Amino acid sequence: MANATDPFRQIFLAGVGALAIGADKTQEVLQTLVKKGQITVDEGKEIADELQTDAQGKTQQLRDDIIRAQMRTMTKEQRDAFAARVAEIASDVDGAEALKAEEAAEVKVQEDQQS
């Protein structure tokens with residue numbers, strides 16, 4: 001199964017790399033336009049924000065497409081096991097985030113008591 005995912009991983013990484021390079025070049029162009037006075041700093045920030053949002057959407061779509069393609073190569077049992085593993089990982093992440101929030105709250109209480 002690991003061999004079946006290698007091309008998917010490579011495609012995903014290539015797509016993310018292309019987006020990163022595009023974002024860097026876009027930032028350079030925006031900075032140049034601001035320096036030349038062709039756009040304002042606020043306009044540059046707005047354009048950069050829009051492009052970042054668009055890139056995030058495209059990255060999400062690319063990831064979804066890769067997962068779909070990978071899942072098409074799986075049997076139903078393999079898909080079920082994959083979904084269960086993803087659910088387990090999500091639960092682990094949720095638990096870790098809850099623990100961090102609890103620890104932060106405890107630190108805040110201790111700081112408040114020391115003040």
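Just so it is clear, the values below take in all heavy atoms, side chains as well, and ignore hydrogens, waters and symmetry mates. The structure displayed is predicted, hence computed values, not measured ones.
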| Salt bridge present between E88 and R85 (N-O < 4.0 angstrom) |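 Between R85 and E88 there is a salt bridge, with a charged N closer than 4.0 Å to a carboxylate O.
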| Short N-O contact, K45 and D49, less than 4.0 angstrom |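 Here K45 does not pair with D49 in a salt bridge, since their nearest N and O are not under 4.0 Å apart.
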| request: Indicate, with yes or no, if V86 and V93 share a hydrophobic cluster defined by side-chain heavy-atom contacts under 4.5 Å among Ile, Leu, Val, Met, Phe, Trp and Tyr. | output: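 In one cluster: no.
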| task | Identify whether I89 and F82 are in the same connected component of the hydrophobic contact network (ILVMFWY, side-chain heavy atoms under 4.5 Å). | result |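 Looking at the clustering, F82 is in a separate group from I89.
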| query | When R63 is tested against each of I66, I67, D65 for side chain to side chain contact (heavy atoms under 4.5 Å, CB included), which residue passes? | reply |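 Of I66, I67, D65, side chain to side chain contact (heavy atoms under 4.5 Å, CB included) with R63 is met by I67 alone.
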| query | Could you give the distance from CG (D64) to CE (M71), rounded to the nearest 0.5 Å? | reply |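 So the CG of D64 and the CE of M71 are separated by 11.0 Å.
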| said: What's the separation between atom CG in D54 and atom NZ in K58, rounded to the nearest 0.5 Å? | reply: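 The distance works out to 4.0 Å.
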| Sub-3.5 Å donor-acceptor pair from the side chain of T32 to the main-chain atoms of E28, do we have one? |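 Answer holds: yes.
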| request: Quick one: closest heavy-atom pair of M74 and R79, and the distance? | output: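 Residues M74 and R79, closest heavy atoms: O-NH1, 2.8 Å.
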